[in-house]
Number of protein chains: 2
Amino acid sequence: MTPSPPPAAAPPSGLPLRERKKLRTRHALIDTALRMFTERGFDGATLDELCDAVEVSKRTFFRTFASKEDVAMAPAEDMWRAFADRLAGRDLGGRPVAAELRAVLRETVAAMPDEGWEHRMLLSRRLAAATPSMDAHGLHFCNRTSARIVADLHRRLDVDPADPRPRLAIDLVVAAWHHALETWTAQEGGHTRGALAARLDAAFDALPGALSFAAPARADSPPPAESTG
Amino acid sequence: MTPSPPPAAAPPSGLPLRERKKLRTRHALIDTALRMFTERGFDGATLDELCDAVEVSKRTFFRTFASKEDVAMAPAEDMWRAFADRLAGRDLGGRPVAAELRAVLRETVAAMPDEGWEHRMLLSRRLAAATPSMDAHGLHFCNRTSARIVADLHRRLDVDPADPRPRLAIDLVVAAWHHALETWTAQEGGHTRGALAARLDAAFDALPGALSFAAPARADSPPPAESTG
DNA sequence: AGGTTTATGCCACTTAGTGGCAAAGTCGTC
DNA sequence: GACGACTTTGCCACTAAGTGGCATAAACCT
């Protein structure tokens, strides 16, 4: 049986009741979705069943999430949102941008306010690996967030809009992140934020090598084929 | 009015009638879909309307494509398939892998057998920019193809499966490709394969700079914010 | 306490997508 | 060319995600 993550933190008590109820509903939908999808597969649990279990209408579900994939990818989307927010408050002056982006992403993971975030992320990631529509949704959200961050960077750094480097910088960091997440998900146990951050660091550090490494001169080439031209 | 691309090439006459009819149907669905989606938006043209226009049943549509997004993203997917095929036949020995991947991608674009491919690619890309589900589908297909290519590379290069560099190498090339495609789509006119390839080269050449460039020391930082910790 | 604003649930509906099965079309052999 | 075998197609019924309208309930503010 999948161990339960810690209950989602109670919404901050400074918020009005309405806001608190919405957050509570949101968390309940995420947790129940991840549990049900894990038990039966993404397609094996319908939204009707999910809404029955949480005791909200489907109409409310769609006021909270854009789609079925949205609820299932919530841990990753929350993280990308937090990353963009943290980056917006960051002084980037004087240091390499890609390394800064990496550092901010690292801090974001460490600071995710949801106590069980890493467990939810693990469940979500495993589901996404088996569910193309989830994976696609997550990739798109990440890509969209990256594009927004780039537009912001172009403004803040007063960089020529035609300069490809800001967009490519964030793409490099995203590539490192995805590799880290993939291998972190695949490891046996020890799914901690620290472990994820360490894998991010290792992947990021491998980027220069990824650009320059050469195949062995006598690599196992495929059998000579007819001309493919 | 959107200029028509050249008609899709007639299926090779060496194939049995069945195969030829299937290819003819496939091409008709792609072209009609791109035309209708461009005229009315992706969500503005239903699959019923598309199938009526091409005179096949929806059942046949779903035997040909996995989803509505699949038909709309066909130009990109065909290209990634061709890329993976070409790469499988490539001797990679002795040269930097990332540069080889770039070169193969370049050749793939130049050699796409569909005569109007670049026009179809442009239509599809413009639609995807305005249609999240299309974009997501395309990103996922690219990601899945990359994962398959990496598994193949690990085998052919006899590289440690834990080595992150093959996966990161292809991610770098994909990042360069996406940037090239984005700016090529945005340019005014001149949407040729040569122009796309040139932009791919420029983006690829910018990758080392993307890793190392630093923000100006007194960049336009956001106003001092409260602690974001 | 009461008026205003916001959130919710109910309901009807559309569209993408699925699966079964009979009929039509193609293929290969004689 | 005829015929039996194999493959493809279209029809049909259906499901589930997703959409929009509207009355009611709940929360908020004075």
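Quick note on labels: first sequence line is chain A, next is B, and so on, each numbered from 1.
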Check every strand shown and say whether B/K22 touches a base, only sugar-phosphate, or nothing at a heavy-atom separation below 4.0 Å. sugar-phosphate
Parallel, tilted or perpendicular: which one describes the rings of B/W80 and B/F83, with boundaries at 30° and 60°? perpendicular
Distance check needed: C/dA16 P versus B/K68 NZ, whole Å only. 4 Å
Atom-to-atom span, CD of B/E49 to C1' of C/dT14 - whole angstrom: 12 Å
Heavy-atom nearest nucleotide on DNA chain D taken for A/R63 and for B/S57; more 5' hit belongs to B/S57
Rounded to whole angstrom units, what separation is found between the CG atom of A/D43 and the C1' atom of C/dG17? 11 Å
Specify the separation, in whole Å, of atom CZ of A/F62 and atom C1' of C/dC13. 14 Å
Would you kindly check whether a donor in the side chain of A/R18 faces an acceptor in the base of C/dA7, or vice versa, at under 3.5 angstrom? no
By nearest-heavy-atom nucleotide on DNA chain C, the more 5' of A/E55 and B/A45 is A/E55
Measure from CZ on B/R24 to C1' on D/dT9 and round the result to the nearest Å. 16 Å
Let me know the distance between CG of A/L29 and C1' of C/dT8, rounded to the nearest Å. 13 Å
Looking at C/dG9, C/dG25, C/dA7, which one has an atom nearest to any side-chain atom of B/K21? C/dG25
Under the 3.5 angstrom rule, does the side chain of A/H119 hit a backbone N or O of A/E115 as a donor-acceptor pair? no
Are B/R199 and B/T183 linked by a side-chain donor-acceptor pair shorter than 3.5 Å? yes
Take the protein atom CG of A/L15 and the nucleotide atom P of C/dA7, then report the distance between them rounded to whole Å. 13 Å
Distance test, side-chain N/O of A/T60 to OP1/OP2 of C/dG9, below 4.0 Å: yes
Is there a donor and acceptor pair, one atom on the side chain of B/R59 and one on the base of C/dG17, closer than 3.5 Å? no
With DNA chain C as reference, determine whether B/L17 or B/F42 sits nearer its 5' end, using the nearest nucleotide of each. B/F42
Would B/R167 and A/E182 count as a salt bridge (Lys or Arg N to Asp or Glu O under 4.0 Å) if you check the C-alpha gap in whole Å, the side-chain angles of each, and the deciding distance to 0.1 Å? CA-CA 11 Å; B/R167 178 66 210 229; A/E182 196 85 7; over 6 Å; no
Going by an N to O cut-off under 4.0 Å, is there a salt bridge joining B/R125 and B/D135? yes
For the pair made of CD in B/E69 and C1' in C/dA16, what is the distance, rounded to whole Å? 9 Å
